J.: 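Supplied in structure tokens, the structure appears directly below.
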Amino acid sequence: MTGETILAMLQCVRDGELRPEEAMERLANLPYEETGFAKIDHHRPLRTGLPEVIYAAGKTAAQVGEIFFRMAAMGGGVLATRADEAAFAAVKALVPEAQYHPVARIIALRQTSPGERRGPLAVLCAGTSDLPVAEEAAVTAEVMGAEVRRIYDVGVAGLHRLLAHREGLREAEVVIVCAGMEGALPSVVGGMVGAPVIAVPTSVGYGASFGGIAALLGMLNSCSPNVTVVNIDNGFGAAYVASTILRRIHQAAGKNTAQEMMR
């Protein structure tokens with residue numbers, strides 16, 4: 001439940017469109033709702049400004065469907081990551097408006113207008129094999145209100161492909177870079193932009209890549225000081241952090257504008 005949905009509900013009570021008892025019933029599930037197999041944190045958007053997200057891997061399709069349905073009933077956006085077709089079928093049966101993004105493996109529902117998009121946020125990947133992780137980041141960020149610019153297949157083995165996007169990169173307020181193999185791309189990008197770069201090592205590569213550990217270690221040893229690193233294949237985590245940064249930038253810009261108008 002977001003601040004906007006609570007405010008709208010209180011206005012309905014004020015205008016006589018909703019009985020106070022009904023409003024109390026809706027608020028009864030704050031701060032969390034007990035399902036028996038999960039405690040759904042409906043209060044998270046009020047604390048952090050961003051919604052709780054369902055990690056679908058390891059859950060049954062029925063559990064994902066039930067959690068998604070209960071979160072949707074609170075009126076905000078809902079996101080389930082690492083979801084397969086079976087989980088989507090269970091969600092779709094309960095929430096027909098939900099959409100599935102197969103490359104990203106994300107089930108998403110938007111119930112409120114995103115308003116002004118924050119950003120831009122650039123999402124890069126070194127190769128086409130990194131697309132599932134990059135799309136997980138891109139779709140997550142879009143659901144959380146970011147203006148996302150995708151720049152794909154621009155690995156360091158063909159640096160001219162990356163250099164063709166210099167202007168777009170410089171406009172980005174935050175950059176997410178997904179790369180496997182030796183994981184060199186974030187360092188190159190970090191030296192090109194004056195924005196935070198969130199590096200995502202992917203598990204793409206031959207045997208000595210050790211499932212992404214080689215890329216992870218390379219990124220942790222980046223010589224670009226504006227590069228920070230999340231876990232292997234964690235496109236969601238990168239997008240969540242990027243969305244938090246963009247939200248803070250947006251809030252600060254709004255405060256500065258308000259102060260200027262008061263002078």
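Note: hydrogens, waters and symmetry copies are ignored here, and every other heavy atom, side chains too, is used. Just so it is clear, the model here is predicted, and its values are computed rather than measured.
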J.: Would you say the side-chain atoms of E136 pair up with the backbone N or O of F236, donor to acceptor, closer than 3.5 Å?
T.: yes
J.: When you measure from the side chain of D84 to the backbone N and O of A86, does any donor-acceptor pair fall under 3.5 Å?
T.: yes
J.: Please step through side-chain contact (heavy atoms from CB on, under 4.5 Å) for the pair L109 and Q99, ending with a clear verdict.
T.: CA-CA 6 Å; L109 174 69; Q99 295 182 328; over 6 Å; no
J.: Report all side-chain donor-acceptor pairs from residues 186-202 shorter than 3.5 Å, counting only partners two or more places apart or in another chain.
T.:
from	atom 1	to	atom 2	distance (Å)
S187	OG	S222	OG	2.8
T202	OG1	D130	OD1	2.6
T202	OG1	G180	N	3.1

J.: Taking NZ, NE, NH1 and NH2 as the nitrogens, is one of them in R150 or E142 under 4.0 Å from a carboxylate oxygen of the other?
T.: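 So R150 pairs with E142 through a salt bridge.
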J.: Please check if the side chain of R166 supplies one atom and the backbone of L163 the other of a donor-acceptor pair under 3.5 Å.
T.: yes
J.: Just to verify, what does A56 make a side chain to side chain contact (heavy atoms under 4.5 Å, CB included) with, not counting sequence neighbours?
T.: V64, A83
J.: Once rounded to the nearest 0.5 Å, what's the spacing between atom CG of L185 and atom CE of M219?
T.: 7.5 Å
J.: So which of V230, I232, N221 actually passes side chain to side chain contact (heavy atoms under 4.5 Å, CB included) with L216?
T.: I232
J.: Answer yes if V91 and Y55 sit in the same cluster of Ile, Leu, Val, Met, Phe, Trp and Tyr residues linked by side chain heavy atoms under 4.5 Å apart, and no otherwise.
T.: no
J.: Any side-chain to backbone donor/acceptor pair from S209 onto Y206? Under 3.5 Å, distance only.
T.: yes
J.: Of all residues at least two apart in sequence or in a different chain, which pass the ring pair (Phe, Tyr, Trp, His ring centres under 6.0 Å) check with Y152?
T.: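 Ring pair (Phe, Tyr, Trp, His ring centres under 6.0 Å) check on Y152 returns nothing, list empty.
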J.: Is there a donor-acceptor pair closer than 3.5 Å between any side-chain N or O of E171 and the backbone N or O of G168?
T.: no
J.: Is there a donor-acceptor contact under 3.5 Å from the side chain of R118 to the main chain of I249?
T.: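 Not confirmed, R118 side chain does not pair with I249 backbone.
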J.: Okay, side chain of R105, backbone of P132: is any donor-acceptor separation there less than 3.5 Å?
T.: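 The answer is no, because no donor-acceptor pair under 3.5 Å joins these two groups.
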J.: Taking N231 for the side chain and N234 for the main chain, is one N or O donor matched with an acceptor at less than 3.5 Å?
T.: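 Not confirmed, N231 side chain does not pair with N234 backbone.
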J.: Between T60 and Q63, is there a donor-acceptor pair closer than 3.5 Å when you use the side chain of the first and the backbone of the second?
T.: yes
J.: If we ignore hydrogens and angles and just use 3.5 Å, is the side chain of D233 paired with the main-chain N or O of S203 as donor and acceptor?
T.: yes
J.: Given side chains that start at C-beta, do those of I54 and L79 come closer than 4.5 Å, heavy atoms only?
T.: no
J.: Are the side chains of E147 and L121 in contact, using a 4.5 Å heavy-atom criterion?
T.: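 A side-chain contact under 4.5 Å is absent here.
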